Amino acid sequence: MIRELHNKLVAGEITAVDLAEKYLKTIEEKDGELGAYLTTMKESALKEAKIVDEKIQRGEKIDLLAGIPGAIKDNICIAGVRTTAGSKILDNYIAPYDATVIQKLKASGAVFLGKTNLDEFAMGSSTENSAYQKTKNPLDITRVPGGSSGGSAAAVAGGEAVWALGSDTGGSIRQPASFCGLVGLKPTYGRVSRYGLIAMASSFDQIGPFGTTVEDVAIVFSRLVGHDGMDATSAESGNNKPFEEYLTSDITGLTIGVPKEYLSENLDPRVRKVTDEALERFKKLGANVKEISFSYSKYALPVYYIIVLSEISSNLARFDGIKYGLSVNDDKDSFTNTTTLLETYLDTRRVGLGEEVKRRIMLGTYVLSAGYYDAYYLKAQKVRALIKKDFENAFKDVDMVFSPTTPEPAFRFGAKVDDPLMMYLSDIYTVTANLAGVPALSFPMGTINEDGKDLPIGGQLMGKWFDEETLLRTADAFERSYNQEKTEQ
Ligand code: GLN
């Protein structure tokens, strides 16, 4: 889609301003119902688009992404724009600087339509934890779009943006991509700068793109990667190659591993069927499929929720009513003893933070406390190392690991929101990649019929560290073959 639009822009068949206006109009018409956006950026979007049009008129070469309108998850900072992270505690927070990914996209000439809804501080799997609004799944508005990047996914799936950025700590790009029939990529840890991303769990978080095709995701991803001195965990990941130029469709001889633990008898038979069909397609395309074992997979979810909650309790300590956003009681004079500093901290956090965020801060603080650190946190870190070993061993024999992205298609509003453990189980296949730091991509692998509706479900490819290229190439080959078959039917 991006390449097509780019060609039209360059050929003068459309202008970037028209394109931006068209998407802004769709937002105006549809977003009252979908609730994908928290903030729209009409004025700056049109300005950005105009600059691109002027370049084209002058005969200058423009980047593939120039003039193409996208949406940004509202935990990524854009200078001068309200950035809430889905929380009341940042309700009035205006970001003073651009995240590195925003700087990079601005340099490409990308157009930003607005900031999208998310679970508060990216904690959740349905976007129901946002302090602001519910986002609906554009494919069936009685269902959730997934989370935590549900707004970004709904914007793209609902035709309110061409592409979008999300963040993924344990599945928040891949799970909504699966629920909304999109492609979503969580890059290798360290490959995309986290500078300007409001931290959830710093050793897990990565920013990545959503798109309607693998090529679109490759185009946006290529413009995000690179070392950044502002992020201490940023990696030197070699040349910034244009990944979209490497989608050759040739996957002959590649070996795809399937962990036997993932296809156990607990797997929904409908998901099993779609997964088996996807594996058949990979074989038809010339890849080999091999059973492997992830011996520590049953610990992935508990280990994830111990370490992530610990990092959350530490990262969110900064929201104290003094440095950022909301401050309850700040009109009172602490020197007159009407309000103590501690009261300001406590009141601000009590009013400003939602239930799920508080639950995680409390559990994380407990796990890190002196008496329990060794028993929980330290042990979880050791098991995290073993989970990474599972991948190292697998990659001796296989090029990628395949699984469903989610254990089921999009669920209905309210189905899990009162039962945190049920909600956490939605992440069973996705958290492993963040624990190990490997790249992982979700793409539409088939549909499941529920109540007379065909709902999409994603397949997940997890790759070797810094080998996004193979994931993109494989998913692209799948997508072409799948779409071709559909048009022939
Ligand atoms: N759903 C997972 C969680 O709640 C993942 C969130 C994310 O990736 N940001 O922790």
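What you see is a predicted model, and the numbers here were worked out from it, not measured in a lab. One-based numbering, in listed order, for ligands and for the atoms of each. When a residue number appears, it is its place in the shown sequence, counting from 1.
- Two rings, from Tyr424 and Tyr304, have their centers 6.0 Å or more apart.
- Residue Ala122 approaches ligand 1 through these ligand atoms, each under 4.0 Å from one of its heavy atoms: 6 (C), 7 (C), 9 (N).
- The shortest N or O to N or O distance between Met123 and ligand 1 is not under 3.5 Å.
- Ring centers of Tyr372 and Tyr377: at least 6.0 Å apart, outside the cut-off.
- The pair Lys241-Glu469 meets the salt-bridge criterion, since a charged nitrogen lies less than 4.0 angstrom from a carboxylate oxygen.
- With respect to Asp476 and Arg473, no salt bridge is recorded, no charged nitrogen being found less than 4.0 Å from a carboxylate O.
- Not close to ligand 1: Phe204, with no non-hydrogen atom less than 4.0 angstrom away.
- Listed by number with element, the atoms of ligand 1 under 4.0 Å from a non-hydrogen atom of Met200 are 9 (N), 10 (O).
- The shortest N or O to N or O distance between Gly147 and ligand 1 is not below 3.5 Å.
- Between the side chains of Asp390 and Ser295, at least one donor-acceptor pair of N or O atoms lies under 3.5 Å.
- For Tyr305, the heavy-atom gap to ligand 1 drops under 4.0 angstrom.
- Residues Glu244 and Arg223 are paired through a salt bridge, judged by an N-O separation under 4.0 Å between the basic side chain and the carboxylate.
- For atom 6 (C) of ligand 1, the closest non-hydrogen atom of the protein is Ser172 OG, 2.8 Å.
- Listed by number with element, the atoms of ligand 1 under 4.0 angstrom from any heavy atom of Ser148 are 9 (N).
- The Gly170 neighbourhood of ligand 1 comprises atoms 5 (C), 7 (C), 8 (O), with distances under 4.0 Å to a heavy atom of that residue.
- Looking at ligand 1, you won't find any N or O of Lys73 less than 3.5 Å from one of its N or O atoms.
- Checked against the 6.0 Å centroid threshold, Phe391 and Phe294 count as a close aromatic pair.
- Judged purely by distance below 3.5 Å, without hydrogens or angles, the side chains of Ser403 and Gln460 pair a donor atom with an acceptor atom.
- The side-chain heavy atoms of Gln381 and Val303, taken from C-beta on, include no pair separated by under 4.5 Å.
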Exercise for review: Go through the steps to decide whether Ser203 and Arg384 satisfy the test side-chain contact (heavy atoms from CB on, under 4.5 Å), and finish with yes or no.
Suggested key: CA-CA 12 Å; Ser203 75; Arg384 183 178 193 179; 2.9 Å; yes
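- Residue Val308 places no heavy atom under 4.0 Å from ligand 1.
- Distances between N or O atoms of Gly124 and those of ligand 1 include at least one value under 3.5 Å.
- Distances below 4.0 Å separate heavy atoms of Asp168 from the following atoms of ligand 1: 8 (O).
- The N/O atoms of Ser167, backbone and side chain alike, include none that comes under 3.5 Å of an N/O atom in ligand 1.
- Here the shortest heavy-atom distance to atom 4 (O) of ligand 1, taken over Arg360, Glu356, Met423, belongs to Arg360.
- Ionic pairing of Lys358 and Glu355 is not present here: no N-O contact between side-chain nitrogen and carboxylate oxygen is shorter than 4.0 angstrom.
- Which parts of ligand 1 touch Tyr304 is read off a 4.0 Å heavy-atom cut-off, strictly below it: atoms 2 (C), 3 (C), 5 (C), 6 (C), 10 (O).
- Given atom 2 (C) of ligand 1, the protein heavy atom at minimum distance is Asp427 OD2, 3.1 Å.
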